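These numbers were taken from a predicted model, which means no experiment stands behind them. All chains are named by letter (A, B, ...) in the order of the sequence lines, taking the proteins before the strands, and each is independently numbered beginning at 1.
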2 protein chains.
Amino acid sequence: MITLSDVAKKANVSKMTVSRVINHPEQVTDELKQLVFSAMKELNYRPNVAAKALANNRTQVIKFFILEDIDTTEPYYMTLLFGIAKGLDEKQYAMQLITNRNFDLDYADGYIITGARGSDYEWIDRLEKPVVLFGENRNGYDYVDTDNKLGTQMATQAALAQNYANIVFIGIDVKEPFEYSREAGYINTLQQAQFMPQIHRMGNHSHASEQFITAHWSQFPPNTAFICASDRLALGVVRAIQHCGGDLPADYGVVGFDGVFLDQVSNPKLSTVKQPVTRLGELVAQMLLQKIQQSGAPQGELLVTPELIMRHTMRGGAPQT
Amino acid sequence: MITLSDVAKKANVSKMTVSRVINHPEQVTDELKQLVFSAMKELNYRPNVAAKALANNRTQVIKFFILEDIDTTEPYYMTLLFGIAKGLDEKQYAMQLITNRNFDLDYADGYIITGARGSDYEWIDRLEKPVVLFGENRNGYDYVDTDNKLGTQMATQAALAQNYANIVFIGIDVKEPFEYSREAGYINTLQQAQFMPQIHRMGNHSHASEQFITAHWSQFPPNTAFICASDRLALGVVRAIQHCGGDLPADYGVVGFDGVFLDQVSNPKLSTVKQPVTRLGELVAQMLLQKIQQSGAPQGELLVTPELIMRHTMRGGAPQT
DNA sequence: TTGTAAGCGTTATCAA
DNA sequence: TTGATAACGCTTACAA
């Protein structure tokens, strides 16, 4: 194993100079910096994270909490995790994944939390290290999320552009900010176009929306578009339209939300508001690492623009292949 | 922060005694052990992983490689990751997730690798720390996997028990051990029952199987069961049967393989061979940690029995709800 | 700007 | 069986 001392010897400087080149390069003359750099390269020096952690009183570990039932866990989180891992690896951080509520809170330099409900904020507030949430919240915590409002806005505008006469929102019946934002994007857009909003909420399962649409089929005449709060719901709507004999996409349109996995395996392929999930993961990781480096300074909120993907379930989408 | 010294002081012993109580309890008298234990409890002592790692020349990090396209990544891996994380957390290990092939191989105590192809074994062999694979392999590496052969055997036996006259296998056209095993379980069972095996292979996409079954519909008379190598394929088969007007499950049967997520969102719900994925993850983690502790001693293979879940896509399954 | 010394919390080694 | 000491690789504080 190559250590600081090895590099120092090779470059004819002290350990400290090498350490400074790494951590405070501005304090070292260019001349020495070059010497040290080439010595590091030549020896293929790798800092020892454990030693660094010990000296800094750090752990080089961040904990990622998924506070949702593992059963409801969507492939969504897989992709998110990839992104977080990527963002963490860049800075030599490792991750511990926590999925139940009786966990060890100690031993981490910071926390990324997703799926927090009201009762969780109590212990979250007691956390002594920097915290960043994944997903909108209105309690003042730093967070990263898709721009949910913009997403449904884009979807609704597309439905308007395709001249659907009725535009209905199929939402999730949870009292969470992301849902409010998605509904708001839909409502605002419709109101600007002088359309009447119409919202139906249900559990986030394809069977729920399938059943609902089928049961109320007569309420949805041809030329109706459904803006859905998730791909799961959209999937059920598509199935219901098919069973009820509706013509998709000629007479009906469906747009989902998420764009992770589910939209791909459906037939016809879903139009959807695709979240840049891997990127989101990277961004939360970066936000947390930055917050750690800045001793916990607030980072604010970060909303990332999603992408409307038009496929076979709406007029104007890519043609059926 | 509570350290070894704090505990030692409290218990009136030396640091070393405390350290020994933790790592080599058999070398300490019961009397002192009790003293130390209660001191640790009272002070709520938490070992400093970084210091431990530094002293042991360890990293307390294992790297988990998913060597598959992130696009093809199934929710499967999410669940697996949960399991691995669980197994690792128990022993204070953190994980780094690696998803591309230009990675940093250093700085880890061991590796879990999944999705390795022929060309990967070259660098895998050069790894200097313990390696455990996830997924069957026939190159002598230690691994954990579902008992794939047993899985299709169970599925095929169920189809036989339900008196389907034709039992067809829809496989994935990859040359991988897991696929061979799944085919073998099917073939062996059919041959014992004096049935003719019939295998069709294609890419692992629901659209592929949907198209294939539709195109060759006349070859599949009523009273046919399809044993599929994945839930994706099964999903496509179900859709094809529905489009072609086949009666499911009266005249046709479909069984998938995996039982992760996809089987739940389909309608009707898939019968499937469910892999205990979370458990598998825990087991790979445990196997690797054990291998590390035993300085790299071979661990062999571990095949875990899957569970046949009978639902709406086969006779004898749970009734449609 | 650079170097020296001490210390982070733990464990292996050796002596008692 | 127990304890003192040095060492793991790095960084902060201080001195040159």
By nearest nucleotide on DNA chain D, pick out whichever of N12(B) and S5(A) is the more 5' one. N12(B)
Output, in order, the C-alpha distance, side-chain angles, deciding distance and verdict of salt bridge (Lys or Arg N to Asp or Glu O under 4.0 Å) for K9(B) and D6(B). CA-CA 5 Å; K9(B) 218 167 285 174; D6(B) 298 324; 5.0 Å; no
Can you confirm whether K10(A) is buried at NZ, in the sense that more than 12 heavy atoms of other residues, nucleotides or ligands lie under 6.0 Å from that atom? no
Can the ring centres of F64(B) and F134(B) be said to be less than 6.0 Å apart? no
Indicate every side-chain donor-acceptor pair of residues 82-94 of chain A with a distance under 3.5 Å to a residue at least two apart or in another chain.
residue	atom	partner	partner atom	Å
K86(A)	NZ	E282(A)	OE1	3.4
D89(A)	OD1	Q96(B)	NE2	3.1
Y93(A)	OH	D109(A)	OD2	2.8

In this structure, how many angstroms lie between the C1' atom of dT1(C) and the CG atom of L35(A), rounded? 14 Å
Decide yes or no for V61(A) and Q60(B): does some side-chain heavy atom of the first lie under 4.5 Å from some side-chain heavy atom of the second? no
Short question: side chain of S181(A), backbone of P177(A) - any donor-acceptor pair under 3.5 Å? yes
Under 4.0 Å between a side-chain N/O of T29(A) and OP1 or OP2 of dT2(C), yes or no? yes
Using atom CD1 of I2(B) as one end and atom P of dC8(C) as the other, report the distance to the nearest whole Å. 14 Å
Is any side-chain N or O of S14(A) closer than 4.0 Å to OP1 or OP2 of dT2(C)? no
Nearest whole angstrom, please: distance from the P of dT1(C) to the CG of L32(A). 11 Å
Using atom NZ of K33(A) as one end and atom P of dT1(C) as the other, report the distance to the nearest whole Å. 10 Å
Polar atom pairs (N or O), protein with nucleotides 11-14 of chain C, under 3.5 Å:
residue	atom	partner	partner atom	Å
dT11(C)	OP1	N23(B)	ND2	2.7
dT11(C)	OP2	S19(B)	OG	2.6
dT11(C)	OP2	N23(B)	ND2	3.4
dT11(C)	O3'	N56(B)	OD1	3.4

I need the CZ-C1' distance between R58(B) and dG9(D), as an integer number of Å. 17 Å
Is the number of heavy atoms from other residues, nucleotides or ligands within 6.0 Å of CD (Q294(A)) greater than 12? yes
Under 30°, 30 to 60°, or over 60°: which ring-plane class applies to W123(A) and F65(A), parallel, tilted or perpendicular? tilted
Measure the angle between the two terminal helix axes of the helix from dT1(C)-dA16(D) to dA16(C)-dT1(D), five base pairs each, and quote it to 10°. 40°
What is the distance from CE of M1(B) to C1' of dG9(C), rounded to the nearest Å? 8 Å
To the nearest angstrom, how far is N57(A) atom CG from dG9(D) atom C1'? 16 Å
Short side-chain N/O contact to dG9(C) OP1/OP2 from T3(B), under 4.0 Å: no
Whether the side chain of K291(A) engages the backbone of V131(A) through a donor-acceptor N/O pair (distance < 3.5 Å, no angle test) should be reported. yes
d(CD, Q60(B); C1', dC8(D)) in whole Å: 14 Å
